[in-house]
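Below is one structure, written out as structure tokens; the observations come after it.
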Amino acid sequence: MSLEEQFAQAQLDSKNLPERPDNMTLLKIYALFKQGSAGDASGDRPGMTDFVGRAKFDAWAALQGTSLDQAKQQYIDLIEGLK
């Protein structure tokens, strides 16, 4: 199975986890997914009143410089660990 296929399967698996991960893990899942699919964070950082959007953007921006393949593999590993 190629990395792309594993990444796609992990996306499907993430929707059927046995229990809901905590917020920090959810942020990590989001950031790894964004980094693996879109690359480094782009756009403006959300404003002070958008707490969720700001946290998501910051988690994604923290992965700047991580290659697409590295982020995809880390995402796959994280989802496998949560299953």
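Heavy atoms only: backbone and side chains are in, while hydrogens, waters and symmetry mates are out.
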Subject >> Any residue meeting side chain to side chain contact (heavy atoms under 4.5 Å, CB included) with N16, in chain and number order, not counting sequence neighbours >> reply: none

Subject >> Partner residues of K72 under the side chain to side chain donor-acceptor pair (under 3.5 Å) criterion, sequence neighbours left out >> reply: E4

**OP:** Under the side chain to side chain donor-acceptor pair (under 3.5 Å) rule, collect the residues that match up with Q73, sequence neighbours excluded.
**Re:** D77

Subject >> Qualifying salt bridge (Lys or Arg N to Asp or Glu O under 4.0 Å) pairs, either residue in residues 26-36, two or more places apart >> reply: none

Subject >> Co-members of the apolar cluster containing M24 [side chain, <4.5 Å] >> reply: L27

Side-chain donor-acceptor pairs of residues 43-52 under 3.5 Å, sequence neighbours excluded:
unit_1, atom_1, unit_2, atom_2, d
R45, NE, D58, OD1, 2.8
R45, NH2, D58, OD1, 3.3
R45, NH2, D58, OD2, 2.7
D50, OD1, G53, N, 2.9

Original post:
Are L3 and L32 linked, directly or through other ILVMFWY residues, by side chains that come within less than 4.5 angstrom of each other?
Top reply: yes

**OP:** Measure the CD-CD distance between Q9 and E80 for me, rounded to the nearest 0.5 Å.
**Re:** 8.5 Å

Subject >> Pairs satisfying salt bridge (Lys or Arg N to Asp or Glu O under 4.0 Å), at least one member in residues 5-25, at least two apart >> reply: D13-K83

Throw together a table of side-chain donor-acceptor distances under 3.5 angstrom for residues 60-69, partners on residues two or more places apart or in other chains.
unit_1, atom_1, unit_2, atom_2, d
W60, NE1, Q35, OE1, 3.3
W60, NE1, G39, O, 2.9
T66, OG1, L63, O, 2.8
S67, OG, Q70, N, 3.0
S67, OG, Q70, OE1, 3.4

Original post:
Is there a path of hydrophobic side-chain contacts, each under 4.5 Å between heavy atoms of I, L, V, M, F, W or Y residues, that connects I76 with L78?
Top reply: yes

**OP:** Could I get the full list of ring pair (Phe, Tyr, Trp, His ring centres under 6.0 Å) partners for F7, not counting sequence neighbours?
**Re:** F33, Y75

Original post:
For the atom pair CD (Q74) and CD1 (I79), what is the distance rounded to the nearest 0.5 Å?
Top reply: 12.5 Å

Original post:
Looking only at heavy atoms, which two atoms of I29 and L82 are closest? And how far apart?
Top reply: CD1-CD1, 3.7 Å

Original post:
Shortest non-hydrogen contact from S14 to L17?
Top reply: O-CG, 3.5 Å

